[in-house]
Amino acid sequence: MNNNEMLLLKLGEVVLKGQNRRSFEDRLVTNVRRRLKKCGSFQVYVRQSTIYAEPVEGCACDMEAAYRAARQVFGVVSVARAVPCEKTVPAIVETASRYLAEAFARAKSFKVESKRADKNYPMNSIQVSQAVGGDLAERFPSVAVNVHHPDLTVYVEIREKYAYVHAPAVPGAGGLPVGMGGRAVSLLSGGLDSPVSSWMMARRGVELEMVHFVSPPYTSQQAQDKVLELGQLLTAWCGRMLVHIVPFTEIQEEIRRKCPEEYFTIIMRRFMMRLAEAVARRAGARALITGESLGQVASQTMMALAATDDVASMPVLRPLIGMDKVEIIRMAREIGTYETSILPYEDCCTVFTPRHPATRPSLEEVRRAESVLDVEGLVARAMEGESWIRVKP
Ligand code: ATP
Ligand code: MG
């Protein structure tokens, strides 16, 4: 254990954004600060495409938790736990041999890789690696130097004030900082797909608000709780968010009463779009997100998607459109939503499902089938019943 251990987070694409870089960095620093708060008191700042997160002196920070949290911040490509020391070879060697003692005990071979951000430093990076590597080899005679395939790579970064010593960095979440890509409303069901699609757009920097449609008594409180739990799981990646709950029972009953059965699902989806858009307008959001994937079910054929988009005036983002179910499942496992998604509670999409849904609905037919409904009234009443819950990490 080293009490001045800290985290070095490397920025990803952010670095490429030229003029916008400053605002990307600011946003990312804010996001990192927020997410590390629950792990203790950290000083977070950015220098040369690296974010430094240092425990405030005297604070009992949970470094393990901070390390995990940092890996879930979008915009960060890699995370390393590091220790700062004076910028001299003896100090670096001393720090590396103490801090990486366990790794040296396990390794049969090692090398040192140095980077010099401080261009005024009297040694270049190759010289630093050679000097530090030579001294470390003397201290650990049973560990051979191997520059091609070492078991252990010791990283040394010479920066402005200090040198930093660390073991290999691990991959971060990548993508762009949440908030840089505007705000969107994501349609969150209890299934496997929509948490993954939400996650994918959040990774592109989109700040999310969720909307979930409920149809009591056909859908249960457990089904709603499951969705809130999915939202909660996503906050580990996206930060706190609102989940809007919109009652959908009257709409579904009206559709069942008045429309041809083969169009139930597609008309229901049109109402979901209208309501999601109403939520989005209030939230100042500029797009909708769904978990649809081409051909996965009858309502996700091209013609069905066209009939759905017919009522949307905002872009509908469908990041899973070209993905296979196995890929989606793999991602759900990776982001941690899989186990919750497979809990067996019914969604409003699974009540009143037609036996033979239209897979090639023409717009004309769908519009005609829907025209018997009081669309505006139904939407207005559903929105009156809208409520929201804030979920936090
Ligand atoms: P998922 O696994 O996300 O439930 P799915 O393959 O079951 O998706 P559908 O049930 O047809 O597909 O739903 C397609 C998309 O519509 C979902 O991915 C989600 O974005 C949205 N959606 C479905 N049901 C709801 C709901 N009750 N509340 C909010 N959005 C929903
Ligand atoms: Mg579903």
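In each ligand, atom 1 is the first atom listed, and ligand 1 is the first ligand listed.
- Salt bridge status for R318 with D309: present, with a side-chain N to carboxylate O gap under 4.0 Å.
- Looking at Y99 and E5, their side chains do bring a donor and an acceptor atom within 3.5 Å of each other.
- Remark: the S189 side chain and the S194 side chain contain an N/O donor-acceptor pair separated by less than 3.5 Å.
- Ring pair F352/Y218 is perpendicular by interplanar angle, where above 60° counts as perpendicular and below 30° as parallel.
- By heavy-atom distance, the residue among E292, M273, R269 lying nearest atom 13 (O) of ligand 1 is R269.
- The distance criterion of under 3.5 Å between nitrogen or oxygen atoms is not met by P195 with respect to ligand 1.
- For ligand 1, the polar-atom distance check finds no N/O of G190 at less than 3.5 Å from any of the ligand's N/O atoms.
- Which parts of ligand 1 touch Q300 is read off a 4.0 Å heavy-atom cut-off, strictly below it: atoms 6 (O), 9 (P), 11 (O), 12 (O), 14 (C).
- Among the atoms of V297, none of the N or O lies under 3.5 angstrom from an N or O of ligand 1.
- The pair E376-R381 does not meet the salt-bridge criterion, since no charged nitrogen lies less than 4.0 angstrom from a carboxylate oxygen.
- For ligand 1, the atoms lying closer than 4.0 Å to a non-hydrogen atom of G291 are 17 (C), 18 (O), 20 (O).
- Cation-pi geometry between R274 and F271 is satisfied (NZ or CZ under 6.0 Å from the ring centre, within 45° of the ring normal).
- For ligand 1, the polar-atom distance check finds no N/O of T290 at less than 3.5 Å from any of the ligand's N/O atoms.
- Here S299 has side-chain heavy atoms under 4.0 Å from ligand 1, and that is the only part of it that gets that close.
- In summary, the atoms of ligand 1 found under 4.0 Å from a heavy atom of G191, numbered by their order in the structure, are 1 (P), 2 (O), 4 (O).
- Contacts of V211 with ligand 1, taken as heavy-atom pairs under 4.0 Å, involve the backbone alone.
- For D347, every heavy-atom contact with ligand 1 shorter than 4.0 Å involves the side chain, none the backbone.
- The N/O atoms of L187, backbone and side chain alike, include one that comes under 3.5 Å of an N/O atom in ligand 1.
- Side-chain contact check for Y45 and E54: at least one donor-acceptor pair (N or O, by modelled atom type) lies under 3.5 Å.
- For the residue pair S114 / E157, no side-chain donor-acceptor distance below 3.5 Å is found, with atom types taken as modelled.
- Residue-ligand proximity: M210 is placed with every non-hydrogen atom at 4.0 Å or more from ligand 1.
- Aromatic pair Y52/Y164: centroids less than 6.0 angstrom apart.
- At a 4.0 Å heavy-atom cut-off, ligand 1 touches L188 through the backbone alone.
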